[in-house]
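Notes follow once the structure below has been shown.
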Amino acid sequence: MKWLKIHTVLLAAVLSFWGPLSQADTQFRVIVDASGSMLISDPDKLTSEALRLISNLAPEEQATLGIWLFGEEPRVLLPEANVNKVTKAKLASYVDAYVTEDVETDLEAIIKLLLETPDSGDLAPGFDRHWILVTDGMVDISLDEAINKASRDRILNELTTKLEERGIHLHTISMTGYTDKALLESLSLRTNAIHTEVALPEDLLDVFERIFTQAAPVDELPFDGNRFLVDDAIKELTLVVFHESNEQPLITKPDASTLSLQNGQGVSVSASDHYTLITINDPAAGEWQVSNVDLARSSVRVITDLSAQATKVTPVIFVNEPIYSTIGLFQSDVMIKDDDVLNLLKVTQTLKQLSGETEESIYSNELARTNGQFKQRMVGITEPGNYELVTLVDGKTFSRQLSQYFTVHPAIEFAGASQGGDLVAFTAKPVNLKLNVLRSNIQLEFSYGNGTIETEEMPLIGQGYWEKVIPVSVGDNVKVRAKLVGMTQTDLRFDYWTPSWSLSREAGRPPVVTLGDSAQVEDTLMTPSSSDQEVAPVSFAPAISVVEEAQEIEDPTENADTNVVETSQIEKIRDKANSITAREWIMYGVLNLGAILIIGSGVLLYRRMKSRKSTKRDNLDDV
């Protein structure tokens with residue numbers, strides 16, 4: 001009977017090695033400006049509501065959250081930890097009381113601090129890092145502009161490189177038009193994240209909701225007016241509704257009764273001044289109705305075995321880069337390929353351009369079906385900005401909606417500057433590492449006043465950027481632009497023409513370099529922001545791309561090392577198992593049975609959770 005005691009202790013050791021069954025797959029770190037000007041930019045402290053919103057949206061134990069303040073010096077508001085009831089309670093008690101009265105805004109110090117701060121919470125291997133920066137100012141650590149510029153340069157060069165190397169997505173939010181847009185936009189573009197300018201403090205809530213959705217996509221139910229249809233496959237739904245501060249949502253169930261907005265009986269409610277989250281377990285099937293809310297800003301998120309999944313759209317899309325989209329329908333993590341079911345489906349995609357509090361639908365199309373999936377290839381987005389791609393799957397008796405957010409921006413920043421004497425230097429720098437510099441090519445086009453057009457290849461300097469230095473003769477009047485034949489790291493090819501720059505030179509003076517009709521450019525290299533660039537109106541030439549069906553990707557196997565106990569540990573356990581009594585025999589037998597049940601349940605739960613998060617998307621064609 002010694003073996004039974006040994007087996008019991010071994011099972012206990014395995015359980016200790018197994019660790020928690022659920023690990024967080026997303027890290028959220030929020031950096032909030034604590035300067036005194038935030039009292040003017042955000043008088044009603046909508047930032048506090050936005051912080052609570054992201055903690056309420058995150059499924060418990062599936063994300064970590066930490067909040068830092070920065071001003072004259074960085075400080076911790078909420079230590080990073082797994083999102084759960086304890087974390088939410090701490091956050092609720094902290095966010096309304098923090099003080100915004102700092103005079104300076106030392107952005108460099110807070111980014112450096114967070115890069116040096118170890119990860120906290122129970123994070124899964126390969127977790128995603130999403131950091132969010134909210135500010136209404138610029139780098140102003142000194143009255144000496146040279147010191148401020150040096151700090152700004154270190155942020156753009158040293159610190160941003162470290163962010164890139166660690167795969168951190170730094171989403172930036174400007175609370176006013178007085179922020180350093182070029183700096184914030186560069187931080188987000190280089191880290192494959194979203195930069196947003198908030199027109200009104202209330203819009204901050206929408207921005208946080210979009211960032212969370214981009215980081216953790218989920219099935220939604222579409223609104224039909226103020227109604228939405230719940231089908232039998234819905235296990236849980238969460239209403240995220242925005243409303244006026246003096247309003248309370250009115251939720252009507254399929255039986256025409258009103259849902260009580262109180263915690264209990266399968267309902268969980270988190271209320272704030274401008275939004276309410278309502279989670280309902282096992283909601284009744286049928287038509288629900290919502291009143292007293294802003295429907296355009298609200299959503300219905302669901303957990304279901306009947307799920308729609310789409311290939312992921314990267315956070316930053318280059319101008320003219322094609323977007324491939326493949327949609328699949330899954331039942332219990334298995335893709336449905338039954339023609340009888342798929343023939344009932346209608347899948348449409350709508351592209352919306354986001355500008356402050358407004359959304360403009362600029363394109364909509366029904367997707368064609370190929371090999372059991374619905375596919376589309378979009379090309380020709382030429383206007384930089386923030387966009388939402390909405391996919392609607394209509395199955396007659398059920399519907400699913402997916403929202404994907406991304407930024408469109410030119411792949412390169414093209415600029416010219418006088419170098420002294422008769423020389424002018426043109427440079428082209430990639431906005432992030434998504435552009436495959438070694439497989440991309442740039443041609444310069446020179447248009448002279450007499451109608452002559454010449455082209456020259458722009459040399460690649462090392463592996464980082466392109467540069468061409470040209471002489472300008474007295475009397476020259478030349479237009480210069482560049483054509484990028486680009487290739488992404490995923491082998492997507494696209495073309496992009498930069499805005500034109502003008503060159504001219506008078507006798508006895510250095511060359512004058514201007515961007516379009518703008519004023520003379522100083523003798524330093526300048527990076528044009530997207531708002532300064534000459535872009536054509538949005539145009540689309542969408543087409544259905546037939547892509548060969550990818551092979552099914554099997555579930556990743558569990559790491560065998562987690563179930564292995566070292567030999568030395570086994571020997572120690574065996575030494576303790578010298579004798580056993582009848583009472584111990586019964587006790588160890590019960591413990592063995594219980595441990596086996598726990599491990600079996602844990603394995604099934606863990607695999608189910610992993611399947612829900614990854615298998616459905618992996619089964620889609622890799623386009």
Side-chain angles (χ1 to χ4, degrees), residues 108 111-112 115 139 149-170 172 180-193 195 314-321 384 407-420 423-445 455-470 480-499 501 513 515 521-530 532-533:
E108 178 187 4
I111 295 178
K112 185 180 296 184
L115 284 168
V139 176
K149 183 180 183 303
S151 177
R152 185 180 186 275
D153 290 344
R154 287 191 294 269
I155 293 171
L156 279 173
N157 298 313
E158 301 170 19
L159 297 185
T160 306
T161 299
K162 292 181 179 179
L163 292 169
E164 288 178 306
E165 291 172 348
R166 294 181 59 183
I168 296 167
H169 304 281
L170 180 54
T172 57
D180 189 341
K181 178 183 176 181
L183 171 64
L184 298 178
E185 190 173 51
S186 181
L187 281 169
S188 291
L189 287 171
R190 286 182 58 183
T191 60
N192 246 339
H195 168 71
T314 59
V316 177
I317 296 291
F318 295 143
V319 168
N320 285 336
E321 178 189 346
T407 294
V408 173
H409 195 276
I412 57 173
E413 294 176 335
F414 180 67
S418 174
Q419 294 292 288
L423 299 178
V424 168
F426 282 96
T427 59
K429 299 180 179 180
V431 298
N432 65 26
L433 299 177
K434 177 182 170 183
L435 182 68
N436 190 330
V437 174
L438 297 178
R439 297 185 61 193
S440 300
N441 175 269
I442 297 180
Q443 294 283 330
L444 287 176
E445 179 188 87
T455 60
E456 290 186 32
E457 184 171 347
M458 199 171 188
L460 180 63
I461 306 301
Q463 297 182 12
Y465 65 99
W466 293 265
E467 183 177 55
K468 180 74 172 179
V469 179
I470 60 174
V480 183
R481 62 175 182 165
K483 180 183 180 180
L484 167 70
V485 179
M487 186 74 72
T488 69
Q489 299 291 352
T490 54
D491 296 331
L492 291 180
R493 183 191 179 280
F494 63 98
D495 296 341
Y496 167 67
W497 280 101
T498 70
W501 288 69
V513 189
L515 172 62
V521 179
E522 298 178 357
D523 292 345
T524 56
L525 289 177
M526 297 184 65
T527 300
S529 65
S530 13
D532 297 326
Q533 301 194 24

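Atoms considered below: every heavy atom in the structure, side chains included; atoms not considered: hydrogens, waters and symmetry mates. Numbers here simply count residues along the sequence, with the first being 1.
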Distance-minimising heavy-atom pair for [X] and [Y]:
| X | Y | result |
| --- | --- | --- |
| S440 | M487 | OG-N, 3.0 Å |
| F414 | A482 | CE1-CB, 3.8 Å |
| L156 | S186 | CD2-OG, 3.5 Å |
| V431 | P410 | CG1-O, 3.4 Å |
| R190 | N157 | NH2-O, 4.4 Å |

Residue of the set N320, V316, V319 for which side-chain contact (heavy atoms from CB on, under 4.5 Å) holds with V408: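 So, applying the side-chain contact (heavy atoms from CB on, under 4.5 Å) to V408 and each of N320, V316, V319, only V319 qualifies.
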
Candidate list I412, V480, L444, test side-chain contact (heavy atoms from CB on, under 4.5 Å), partner T498, passing option: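 Exactly one pass, corresponding to I412.
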
Pair Y496 and F318, ring centroids less than 6.0 Å apart: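 No, they do not, as the ring centres are separated by 6.0 Å or more.
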
So how far is it from [X] [atom1] to [Y] [atom2], rounded to the nearest 0.5 Å?
| X | Y | atom1 | atom2 | result |
| --- | --- | --- | --- | --- |
| K162 | L115 | NZ | CG | 6.5 Å |
| R166 | T161 | CZ | OG1 | 13.5 Å |
| D180 | R152 | CG | CZ | 4.0 Å |
| T160 | I155 | OG1 | CD1 | 7.5 Å |
| T455 | R481 | OG1 | CZ | 11.5 Å |
| E467 | T427 | CD | OG1 | 6.5 Å |

Contacts of type side chain to side chain contact (heavy atoms under 4.5 Å, CB included), residue V437, not counting sequence neighbours: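 Checked V437 against side chain to side chain contact (heavy atoms under 4.5 Å, CB included); matches are P430, L460, W466.
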
Residue list, side chain to side chain contact (heavy atoms under 4.5 Å, CB included) with T172, at least two apart or on another chain: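 Per chain and number, T172 pairs via side chain to side chain contact (heavy atoms under 4.5 Å, CB included) with L133, L170, L184, L187, S188, H195.
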
Chi angles and distances behind the side chain to side chain contact (heavy atoms under 4.5 Å, CB included) call for F494, L435: CA-CA 11 Å; F494 63 98; L435 182 68; 3.9 Å; yes

Criterion side chain to side chain contact (heavy atoms under 4.5 Å, CB included) on E185 and H409, from CA distance to verdict: CA-CA 10 Å; E185 190 173 51; H409 195 276; 4.1 Å; yes

Verdict with supporting geometry, T191 and I168, side chain to side chain contact (heavy atoms under 4.5 Å, CB included): CA-CA 6 Å; T191 60; I168 296 167; 5.7 Å; no

Donor-acceptor pair, side chain of N441 and main chain of V485, under 3.5 angstrom: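 No, the answer is negative, given that no donor and acceptor are paired below the 3.5 Å cut-off.
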
Check against side chain to side chain contact (heavy atoms under 4.5 Å, CB included), V139 and E108: CA-CA 8 Å; V139 176; E108 178 187 4; over 6 Å; no

Ionic contact status for E413 with K429, cut-off 4.0 Å: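 Judged by the 4.0 Å cut-off on N to carboxylate O distance, K429 and E413 do not form a salt bridge.
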
